[in-house]
**Student:** 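Could you have a look at this structure, given as structure tokens, before my questions?
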Amino acid sequence: MNNIDWSSLSFSYMKADYNVRCYYRDGKWGELEIHSSEQVSIHMAATGLHYGQEAFEGLKAFKGQDGKTRLFRVEENAKRMYNSAVGTMMAAVPEKLFVDAVVKAVELNKRFVPPYESGASLYIRPLLVGTGAKIGVAPTDEYLFMVFVMPVGPYFKEGFKPTDMMISRKYDRAAPLGTGHIKVGGNYAASLRPGDEAHSKGYSAVLFLDSKEKKFIDECGPANFFGIKDNTYVTPKSDSILPSITNKSLVQLAEDMGMTTERRPIPLEELSTFEEAGACGTAAVISPIAKIDDIDEGRSYIFSKNGEPGEISEKLYNKLRAIQYGDAPDTHGWITIVE
Ligand code: PLP
Ligand code: COI
């Protein structure tokens, strides 16, 4: 039995019953282990603690009206974590091991999957860390892969209500040829100070510009950006943003709806031409953007005047959620049923 108030969950940590772990030692991955402790014991010289040999993922499981639990595009997360490992010289987690670990973590914590009616979901956090001791800057040969889960509500407190974002040229999230395209902890470390400044000024996130020229839109702190105009879904092409699985799915859904889609550099000035704009990601789902303030130039770009999401953002949101919760057919093969 749970005493969880499902419909008032926010995006925060909660202990579940079990987590799963797998160690890489002597050049190979071991067996999946089941743990109930939230603690990990790690060497003080572990490369994950010093040199950023750390990558993570985020995906969700949804309980349908039929009582089944559905994972959304888990193979895509497996591939992205593989790329993150390659990019930071870590032992890569094979796709099958990744998927098996995620499925096991969900099965073991079934009672934490929020009921269909709540609109909440189970957030799954796979994590890969260098655990071997090194003091010279070099990759280690020991790694720990873990998966833990928790029930969550909306990432931005507004949920599917438009929220405000801020542009500031004071900060970069990732370097042009750096690690922005993989999901490693260092990118998030670099986003903490700008994120904090945004929150203290009343914004939900920073919209980062490209680090080299500050001319193009990159992405939001924890999510990709999209704009909509003339029945076209436009999203940035940039080597320093995370290839969002949600964004890729929205591109497909927009095409299914007969829209044109464009993935290309978006100059900052183009913001003034969008009829709708939003942030998208696993945690954020779609967060419509009400306005973006460019605090350096003292300029605002407004997308929602009445506090409501735009019509197309709402259609995309509903389509995505319907597939995730099993209310609409899974025509693209995005769902893995867990139980
Ligand atoms: N961009 C960043 C920086 C993120 O942290 C995330 C979250 O994973 C995303 C984009 C969205 O990616 P996805 O849709 O795969 O969750
Ligand atoms: C996600 O959407 O899964 C993320 O990783 C975003 C944030 C919580 C880091």
Side-chain angles (χ1 to χ4, degrees), residues 9-14 54-62 71-84 87 98 102 105 120-128 147-157 159 163 165 171-175 178-192 194-196 198-199 204-211 217-226 233 235-254 263 278-287 289 316-317 320-321 323-324 332 334:
L9 285 172
S10 61
F11 191 86
S12 47
Y13 180 78
M14 184 188 289
E54 186 279 336
F56 70 100
E57 274 302 324
L59 69 156
K60 281 177 172 170
F62 306 84
L71 286 173
F72 186 69
R73 306 196 76 171
V74 57
E75 301 84 2
E76 292 289 326
N77 294 93
K79 289 190 181 109
R80 194 168 62 191
M81 184 174 256
Y82 197 98
N83 293 338
S84 298
F98 184 98
V102 168
S121 54
L122 187 78
Y123 186 70
I124 304 159
R125 175 51 62 87
L127 186 66
L128 175 64
V147 182
F148 62 95
V149 304
M150 76 219 72
V152 295
Y155 186 76
F156 295 122
K157 67 177 186 320
T163 175
M165 309 236 164
Y171 305 102
D172 292 325
R173 173 186 167 274
T179 55
H181 63 293
I182 52 178
K183 203 164 169 65
V184 298
N187 298 338
Y188 296 83
S191 77
L192 290 176
D196 185 66
H199 296 149
S204 11
V206 176
L207 181 62
F208 290 98
L209 299 181
D210 80 277
S211 309
I217 305 295
D218 247 1
E219 66 177 326
C220 311
N224 274 185
F225 172 86
F226 67 87
Y233 179 100
T235 194
K237 182 171 167 56
S238 160
D239 291 338
S240 53
I241 66 179
L242 192 74
S244 156
I245 298 158
T246 313
N247 197 4
K248 189 169 155 181
S249 311
L250 293 176
V251 166
Q252 180 65 59
L253 296 178
R263 195 185 283 277
C280 63
T282 297
V285 194
I286 288 183
S287 283
I289 302 178
L316 286 168
Y317 177 84
L320 178 70
R321 302 284 279 179
I323 295 173
Q324 292 175 329
H332 298 291
W334 290 343

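All ligand and atom numbering here is 1-based and tracks the order in the structure. Since the model is a prediction, treat every value here as computed from it, not as a measurement. Keep in mind that the numbers below use all heavy atoms, side chains included, and drop hydrogens, waters and symmetry copies.
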**Student:** Set out, in order, the CA-CA distance, both residues' side-chain angles and the distance that settles side chain to side chain contact (heavy atoms under 4.5 Å, CB included) for Glu57 and Lys183, then state yes or no.
**Tutor:** CA-CA 7 Å; Glu57 274 302 324; Lys183 203 164 169 65; 3.9 Å; yes
**Student:** Donor-acceptor pair, Asn224 side chain versus Leu242 backbone, under 3.5 Å?
**Tutor:** yes
**Student:** So, is Ser244 polar-close to ligand 1, with some N/O to N/O distance under 3.5 Å?
**Tutor:** yes
**Student:** N/O to N/O below 3.5 Å, does that happen between Tyr123 and ligand 2?
**Tutor:** yes
**Student:** Which atom names give the shortest non-hydrogen contact between Ala284 and Ala223, and what distance separates them?
**Tutor:**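 Residues Ala284 and Ala223, closest heavy atoms: CB-CB, 4.3 Å.
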**Student:** Do Val285 and Thr246 come close enough that some side-chain heavy atom pair is under 4.5 Å?
**Tutor:**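 Sidechains of Thr246 and Val285: no contact.
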**Student:** So for Lys248, does at least one of its heavy atoms come nearer than 4.0 angstrom to any atom of ligand 1?
**Tutor:**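 No, Lys248 has no heavy atom closer than 4.0 Å to ligand 1.
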**Student:** Hey, which atoms in ligand 2 end up nearer than 4.0 Å to a heavy atom of Phe11?
**Tutor:** 8 (C)
**Student:** Is there a donor-acceptor contact under 3.5 Å from the side chain of Glu54 to the main chain of Gly185?
**Tutor:** yes
**Student:** Could you tell me whether a side-chain N or O of Asn77 sits under 3.5 Å from a main-chain N or O of Gly58, the two making a donor and an acceptor?
**Tutor:**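 Yes, Asn77 side chain to Gly58 backbone: donor-acceptor pair under 3.5 Å.
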**Student:** May I ask you to check whether over 12 heavy atoms, not counting those of Tyr82, lie within 6.0 Å of atom OH?
**Tutor:**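 Result for OH/Tyr82: open.
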**Student:** Look at the rings of Tyr155 and Phe11 and say which category their plane angle falls in: under 30° parallel, 30 to 60° tilted, over 60° perpendicular.
**Tutor:** perpendicular
**Student:** In terms of residue, atom name and distance, what is the protein heavy atom nearest to atom 2 (O) of ligand 2?
**Tutor:**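 In this structure, atom 2 (O) of ligand 2 has Ala283 N, 2.8 Å as its nearest protein heavy atom.
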**Student:** State whether the number of non-hydrogen atoms from other residues, nucleotides or ligands found under 6.0 Å of Asp196 atom CG is greater than 12.
**Tutor:**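 More than 12 within 6.0 Å, yes.
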**Student:** When you measure from the heavy atoms of Lys183 to every atom of ligand 2, does any distance fall below 4.0 Å?
**Tutor:** yes
**Student:** Quick test: of every protein heavy atom, which one is nearest to atom 9 (C) of ligand 1, and how far off is it to 0.1 Å?
**Tutor:**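 Going by distance alone, atom 9 (C) of ligand 1 is nearest to Pro222 O, 3.6 Å.
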**Student:** Check whether any side-chain heavy atom of Pro126 lies under 4.5 Å from a side-chain heavy atom of Leu59, and answer yes or no.
**Tutor:**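 Pro126 vs Leu59: side chains touch.
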**Student:** Please lay out, stage by stage, how Phe226 and Ile286 fare under the test side chain to side chain contact (heavy atoms under 4.5 Å, CB included).
**Tutor:** CA-CA 10 Å; Phe226 67 87; Ile286 288 183; 3.9 Å; yes
**Student:** Give me the atom names and distance for the closest heavy-atom approach of Asp218 to Ser240.
**Tutor:** OD2-OG, 3.0 Å
**Student:** So, regarding Tyr155 and ligand 2 (criterion: nitrogen or oxygen to nitrogen or oxygen, under 3.5 Å), is there a contact or not?
**Tutor:**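 No, no N or O pair falls under 3.5 Å.
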**Student:** Please work out, at 4.0 Å between heavy atoms, whether the side chain, the backbone, both, or neither of Glu76 comes within that distance of ligand 1.
**Tutor:**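 For Glu76, there is no contact with ligand 1 at all, from either part.
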**Student:** Which ligand 2 atoms, with their elements, are less than 4.0 angstrom from a heavy-atom of Arg125?
**Tutor:**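 The atoms of ligand 2 under 4.0 Å from a heavy atom of Arg125 are 5 (O), 8 (C).
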**Student:** Within the 4.0 Å heavy-atom shell around Asn224, which atoms of ligand 1 are there?
**Tutor:** 1 (N), 10 (C)
**Student:** Please identify which atoms of ligand 1 are closer than 4.0 Å to at least one heavy atom of Thr282.
**Tutor:**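 Those atoms are 13 (P), 14 (O), 16 (O).
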**Student:** If I apply the N/O under 3.5 Å rule, does Cys280 come out as touching ligand 1?
**Tutor:**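 No, Cys280 has no N/O under 3.5 Å of an N/O on ligand 1.
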**Student:** What atoms in ligand 2 come closer than 4.0 Å to a heavy atom of Phe56?
**Tutor:** 5 (O)
**Student:** Any heavy atom of Gly221 closer to ligand 1 than 4.0 angstrom?
**Tutor:** yes
**Student:** At what distance is the nearest protein heavy atom to atom 9 (C) of ligand 2, and which residue and atom is it?
**Tutor:** Tyr188 CE2, 3.7 Å
**Student:** Would you mind running through ligand 1 and noting each atom that sits below 4.0 Å from a heavy atom of Arg173?
**Tutor:**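 Listed by number with element, the hits are 3 (C).
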**Student:** With heavy atoms only and a cut-off of under 4.0 Å, state how Lys60 meets ligand 2: side chain, backbone, both or neither.
**Tutor:**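 Under 4.0 Å from ligand 2, Lys60 contributes no heavy atoms.
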**Student:** Determine whether a donor-acceptor pair (N or O, by modelled atom type, separation under 3.5 Å) exists between the side chain of Asn187 and the backbone of Thr179.
**Tutor:**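 A pair under 3.5 Å: yes.
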**Student:** Check this for me - ligand 2, Leu59, N or O atoms closer than 3.5 angstrom, yes or no?
**Tutor:**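 No; every N/O pair is 3.5 Å or more apart.
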**Student:** For Glu219 and ligand 1, does the shortest N/O to N/O distance drop below 3.5 Å?
**Tutor:**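 Yes - when backbone and side-chain N and O of Glu219 are compared with those of ligand 1, one distance drops under 3.5 Å.
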**Student:** Show the nearest heavy-atom pair for residues Ala279 and Met165, with the distance to one decimal.
**Tutor:** CB-CE, 4.0 Å
**Student:** Identify the closest protein heavy atom to atom 6 (C) of ligand 2: which residue and atom is it, and at what distance?
**Tutor:** Pro222 O, 3.7 Å
**Student:** Between Lys60 (side chain only) and Thr282 (backbone N and O only), is there a donor and an acceptor less than 3.5 Å apart?
**Tutor:** yes
**Student:** Which atoms from ligand 1 have a heavy atom of Tyr188 less than 4.0 Å away?
**Tutor:** 2 (C), 3 (C), 4 (C), 5 (O)
**Student:** Taking only heavy atoms of Gly58 into account, list the atoms of ligand 2 that are under 4.0 Å away from them.
**Tutor:**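 Atoms satisfying the 4.0 Å criterion: 3 (O).
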**Student:** Measuring from the heavy atoms of Lys183, does anything fall under 4.0 Å of ligand 1?
**Tutor:** yes
**Student:** Check whether any heavy atom of Glu57 sits under 4.0 Å from an atom of ligand 2.
**Tutor:**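 No, that is not the case, since the closest heavy atom of the residue is not under 4.0 Å from the ligand.
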